[in-house]
Amino acid sequence: MATPNPSTTPTTSTLTPATTTPPPISHSISIHASRPIPLTAAQEGQVRELYYARIRSYCAPEIRDFALCATGRTFTIPIKCRQQRLAMNECMNAHASREEEDKAREEWFLQIPKRMEERQKEEAWKEEQRRKKREWWGLDDQGRRVEGKGVDDGRGR
């Protein structure tokens, strides 16, 4: 086992209080481009949708100008709206970068708790609907009819 070189190893006398305390823990999720977290194809699609939405938001005026020019035209769009199309494409290409993709990925990760909460609310609503259905039709948990419960079918039984 090699012993550390005393000339390169800091001693307690050379350490300042700022270097002895660890850096504060950040609660934000950091995305490292060198080690991205693998996502499923569906999740990557959601990240891509966020990425495209961000780019469209940056280039909204150019997109609007092109759409106004193209309204009511068919095969003359490439000729009449060339300047607007070039401006729109230039804006989108200028903002379409790896940094924007990483920001969209980070935004996706930050939305995980919100999506989980929405999913839990939806599941709770579904379970409430199942409970109401069982109660209305007089069914037990397995879906079998319980005698004397449920809606009267009108046959006088």
Side-chain angles (χ1 to χ4, degrees), residues 10 15-146 149-155:
L15 290 177
T16 62
T19 59
T20 58
T21 59
I25 297 172
S26 173
H27 293 290
S28 66
I29 299 173
S30 64
I31 307 299
H32 301 289
S34 62
R35 295 185 344 208
I37 297 173
L39 300 175
T40 65
Q43 292 169 335
E44 285 292 343
Q46 292 171 349
V47 170
R48 211 170 17 262
E49 287 174 14
L50 283 172
Y51 171 66
Y52 292 145
R54 291 174 66 89
I55 292 173
R56 284 192 305 268
S57 70
Y58 294 138
C59 300
E62 289 84 355
I63 294 170
R64 185 193 68 240
D65 292 344
F66 177 73
L68 288 173
C69 178
T71 301
R73 292 191 167 94
T74 55
F75 64 91
T76 61
I77 292 174
I79 299 163
K80 296 286 184 177
C81 303
R82 179 178 171 83
Q83 293 300 322
Q84 291 87 346
R85 179 183 56 84
L86 291 175
M88 178 182 70
N89 286 345
E90 183 179 332
C91 177
M92 293 178 98
N93 287 332
H95 290 290
S97 64
R98 184 70 181 163
E99 292 88 27
E100 281 302 319
E101 193 173 340
D102 290 342
K103 287 178 186 176
R105 182 180 288 267
E106 188 168 348
E107 182 180 344
W108 185 88
F109 277 106
L110 292 175
Q111 290 177 354
I112 288 175
K114 179 183 171 189
R115 286 193 304 273
M116 286 176 59
E117 182 181 323
E118 289 172 356
R119 197 173 314 127
Q120 288 171 348
K121 285 180 182 178
E122 183 178 340
E123 285 299 319
W125 180 83
K126 285 180 182 178
E127 186 56 39
E128 178 66 17
Q129 295 303 312
R130 288 184 199 110
R131 186 192 62 75
K132 287 180 180 180
K133 178 183 171 186
R134 285 191 307 267
E135 181 182 313
W136 176 262
W137 291 105
L139 304 176
D140 62 6
D141 290 339
Q142 286 77 33
R144 294 182 299 247
R145 183 130 182 141
V146 178
K149 291 196 172 186
V151 175
D152 184 19
D153 60 5
R155 292 189 243 172

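In this text, all values refer to a predicted model and were calculated from it rather than measured experimentally. By convention here, the first residue in the shown sequence is residue 1.
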Could you grab the distance from atom [atom1] of [X] to atom [atom2] of [Y], nearest 0.5 Å is fine?
X	Y	atom1	atom2	value
Glu123	Trp125	CD	CH2	11.0 Å
Cys59	Met88	SG	CE	9.0 Å
Gln84	Asp65	CD	CG	6.5 Å
Glu118	Met116	CD	CE	12.0 Å
Leu86	Asn93	CG	CG	10.5 Å
Glu128	Glu135	CD	CD	8.5 Å

Cation-pi, Trp108 ring and Arg48 (6.0 angstrom, 45 degrees):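 No, Arg48 does not lie over the aromatic ring of Trp108.
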Can you name the nearest heavy-atom pair linking [X] to [Y], along with the distance?
X	Y	result
Ser97	Tyr51	N-OH, 3.6 Å
Phe66	Cys81	CE1-CB, 3.9 Å
Val47	Ala104	O-CB, 3.9 Å

Side-chain donor/acceptor of [X] to backbone N/O of [Y], under 3.5 Å:
X	Y	result
Gln43	Thr40	yes
Arg56	Met92	no
Arg145	Trp137	yes

Check against side chain to side chain contact (heavy atoms under 4.5 Å, CB included), Leu139 and Val146: CA-CA 6 Å; Leu139 304 176; Val146 178; 6.0 Å; no
In plain terms, say whether [X] and [Y] are close enough for a salt bridge, that is, a side-chain N and a carboxylate O under 4.0 Å apart.
X	Y	answer
Arg134	Asp140	no
Glu127	Arg131	no
Glu122	Lys126	yes

Residue Arg82 excluded, over 12 heavy atoms near CZ under 6.0 Å: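 No, CZ of Arg82 has 12 or fewer neighbouring heavy atoms, counting only those of other groups under 6.0 Å.
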Residue Glu90 excluded, over 12 heavy atoms near CD under 6.0 Å: no
Evaluation steps, side chain to side chain contact (heavy atoms under 4.5 Å, CB included), between Ile112 and Phe109: CA-CA 5 Å; Ile112 288 175; Phe109 277 106; 3.6 Å; yes
Chi angles and distances behind the side chain to side chain contact (heavy atoms under 4.5 Å, CB included) call for Thr76, Arg73: CA-CA 6 Å; Thr76 61; Arg73 292 191 167 94; 3.5 Å; yes
Full working for salt bridge (Lys or Arg N to Asp or Glu O under 4.0 Å) between Glu99 and Lys103: CA-CA 6 Å; Glu99 292 88 27; Lys103 287 178 186 176; over 6 Å; no
Glu44 and Arg105: CA distance, side-chain angles, deciding distance, salt bridge (Lys or Arg N to Asp or Glu O under 4.0 Å) verdict: CA-CA 9 Å; Glu44 285 292 343; Arg105 182 180 288 267; 2.9 Å; yes
Qualifying residue for salt bridge (charged side-chain N to carboxylate O under 4.0 Å, His left out) with Arg54, from Glu100, Glu106, Glu101, Glu49: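 Among Glu100, Glu106, Glu101, Glu49, the one that satisfies the salt bridge (charged side-chain N to carboxylate O under 4.0 Å, His left out) with Arg54 is Glu100.
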